[in-house]
Amino acid sequence: MPAHHTRYGVRIKTFYMLKEKKTFYITTTLPYVNAKPHIGFALEIIQADAIARWQRMQGKEVFFNTGTDEHGLKIYRKAQEEGKDPQKYVDEYAAKFDNLKKALNLSYNAFIRTTDENHIKAAQEFWKKCEQAGDIYKKNYKVKYCVGCELEKTESELANGKCSVHPNMELETIEEENYFFKFSNYQQKLLDLYEKNSEFVLPSWRLKEIKNFVAGGLEDFSISRLKEKMPWGIEVPGDDKHVMYVWFDALINYVSTLQWPFYVKASDGKPDKNSNYEKFWPGMQVAGKDNLRQQSAMWQAMLMSAGLPNSTQILIHGFINSGGQKMSKSLGNVVDPFELVEKYGTDALRYYLLSEITPFEDGDFTIEKFEKRYNADLANGLGNLVARMANMLEADSIELTVSSTERGELERGVNGKMKEFKFNEALKILWDELRKNDEELSKKKPWKVEDADKKGEILEPIAQSILSVADLLQPFLPETAEKIITQFSMKQIKRGDSLFPRI
RNA sequence: AGCGGGGUAGAGCAGUUGGCAGCUCGCCAGGCCCAUAACCUGGAGGUCGCCGGUUCGAGUCCGGCCCCCGCAACCA
């Protein structure tokens, strides 16, 4: 390659380094408020929280979004069942989800509800942009209808082509006029997007999956419902007979939470560089495997249509099973995150979900496994080591100089894993370090050493190591990390309450 | 049919670019006694789903087969 090309390459690189964003945006999907918070969502939001906290430690200004998805037929029905006004119903549920913030010690700074006034306006504006792009049109939409249930049925609700509740009745097909989104327009553009960004969707096999799906051809999807049948939605601009189908509206939260499209200065009509949208979009999304299509294909096509930049990356996690089986109410194996936190503590749950669950694959949760892990790693491991160290240091009034900046290799290891979102492996590195400290104590037996100075010489590097671990533990177990940091940063380290009592 | 994931010690799982098969729990033996009946050391236990190929060498790459799970479009 000619020399000037190389030089050009270097300049490009420098340019990008200078331009490297100082901000970082991450969002979860919005849980639908037709049920209580589920441990699967706890996994998603804890993963997102660990990433957000880690990014902050890297010096980034982070915008971390979550919220609730509140429109649609199921919620409308649920509210009716409970004899409540839909708005009142969703208000109650939104509060339940926002309670996760405290229960799971989450650091999100935005909680968007799809019934928020700003979101509604944003969704309507987004619709108009897609319409202007020529991607919205009206078409007949066929729905299967079970007279027995007096309800519309989707394919997945059917068994052998019949309603599973009324298998003896024929389903009726009814037709209504809906608005459709020209998903089919975006097949090639989506494939190009995937081609250009080899890590657009992680893990790689999920990217492969979505590529295959898109390459197989896209059908336009319905994005509205007749208001007279289902009024609980955002009104379609310019047509008061329709409301938006919940999916179309819900996805837009990722930008409406950043004040899109109200980021333009009134004075000169130019984008306000200090607006959240300008500062943070595009960003990263975390979603479950059931959301692969919606997030990495449908939403991306919608963004293209409306003329907004695509998301930067989509992380797809798996599901949590319970004893190898899907969690379901009928099996009675649904796990409630609030109960776990109340009984075992926030960091215990965070630790289990981040260390035991392989980030991209399905994981398993049982109380037995959870307690085993808790005792082995938190009580016997971290908790016991901190206690035995603090005890010795206090007993002999040994003063140490420990600093929280000497992390070196350990930090590089953890950061390497975090760049790949391998939370479990990052934690493994930290626990290997803790184990080394236990080994070291067994080998050097400081409790047998009489001389206080010599004892201090043995204990200081171990205390330093614990402090380093605690430092790096902040994104994962923020409360515990903080306790240890406070305890081990004192000149005279003192015994504290046990961090994780044995079960 | 197709697409995707998985099949590694009793259980649950790791195994980047091919190089003596690892981790946690459990089990057995020993040590220690500072600590949360904790911690440390050693040990038993595996034909890495099956067959074939490439290679000096394959859990790892290639081909074929078997079994389990998920998806299969409007399901938050």
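The sequence lines fix the lettering, A, B, ..., with proteins before strands; numbering per chain opens at 1.
For the pair A/Ala390 and A/Arg495, the tightest heavy-atom approach, listed with the atom from each and the gap, is CB-CA, 3.9 Å.
Across all strands shown, B/G42 forms a Watson-Crick or G-U wobble pair with B/C28, both key distances being under 3.5 Å. With a 3.5 Å ceiling on both atom-pair distances, the Watson-Crick or G-U wobble partner of B/C65 is B/G49. Nucleotide B/U16 forms no Watson-Crick or G-U wobble pair with any nucleotide shown, as no partner meets the under 3.5 Å limit on both distances.
Picking from B/G12, B/C74, B/A14 the nucleotide with the shortest atom distance to the side chain of A/Ser222 gives B/C74. Picking from B/U36, B/C74, B/C34 the nucleotide with the shortest atom distance to the side chain of A/Met392 gives B/C34. Taking the side chain of A/Asn391 as heavy atoms from C-beta on, and the options B/C13, B/G4, B/C34, the nearest nucleotide is B/C34. Of the candidate nucleotides B/C32, B/C3, B/A73, B/C3 has the atom nearest to the side chain of A/Asn212. The side chain of A/Lys428 approaches B/C23 more closely than any other nucleotide in the set B/C33, B/C39, B/C23.
When the side-chain nitrogen and oxygen atoms of A/Arg373 are compared with OP1 and OP2 of B/G12, none of them lie within a distance under 4.0 Å. Side-chain nitrogen and oxygen atoms of A/Thr358 include none within less than 4.0 Å of the OP1 or OP2 phosphate oxygen of B/C13. The phosphate of B/C33 (OP1 or OP2) has a side-chain N or O of A/Lys448 nearer than 4.0 angstrom. Using a 4.0 Å cut-off, no side-chain N or O of A/Arg206 falls inside it from OP1 or OP2 of B/C71.
A salt bridge links A/Arg206 with A/Glu209; the closest basic N to acidic carboxylate O contact falls under 4.0 Å. Note on A/Asp91 versus A/Arg113: salt bridge recorded, some NZ/NE/NH1/NH2 to OD/OE distance being below 4.0 Å.
A residue-by-residue look at A/Gly381 and A/Pro501 shows that A/Pro501 has its nearest nucleotide of RNA chain B further toward the 5' end.
In this entry the distance linking CG of A/Asn380 with C1' of B/C39 reads 9 Å, nearest Å. Residue A/Met298 contributes atom CE, which lies 13 Å from atom P of B/A73 at whole-angstrom precision. The interatomic distance linking A/Leu434 (CG) with B/C23 (P) rounds to 17 Å, in whole Å. Nucleotide B/A73 holds its P atom 19 Å from the CD atom of A/Gln295, rounded to whole Å. Atom-to-atom, CD of A/Glu371 to P of B/A11 comes out at 22 Å; the value is rounded to the nearest Å. The interatomic distance linking A/Phe213 (CZ) with B/C74 (P) rounds to 11 Å, in whole Å. We find that CG of A/Leu499 is positioned 12 Å from P of B/U36, with the value rounded to whole Å. Atoms CD (A/Glu209) and P (B/A72) sit 10 Å apart, rounded to a whole Å.
Between the P atoms of B/C40 and B/U24, the separation comes to 9 Å (whole Å). Taking atom P in both B/U54 and B/U17, one finds a spacing of 23 Å when rounded to whole Å. Nucleotides B/C62 and B/G42 are separated by 42 Å at their C1' atoms, to the nearest Å. For the P atoms, the distance from B/C50 to B/G10 is 14 Å, rounded to whole Å. Atom P of B/A11 sits at a distance of 16 Å from the matching atom of B/C48, rounded to the whole Å.
Note on ring orientation: taking the six-membered ring where Trp is involved, the planes of A/Phe97 and A/Phe41 are perpendicular (angle over 60°, cut-offs 30° and 60°).
In this structure, A/Lys289 satisfies the cation-pi test against A/Phe319, with its NZ or CZ atom closer than 6.0 Å to the six-membered ring centre and inside 45 degrees of the ring normal.
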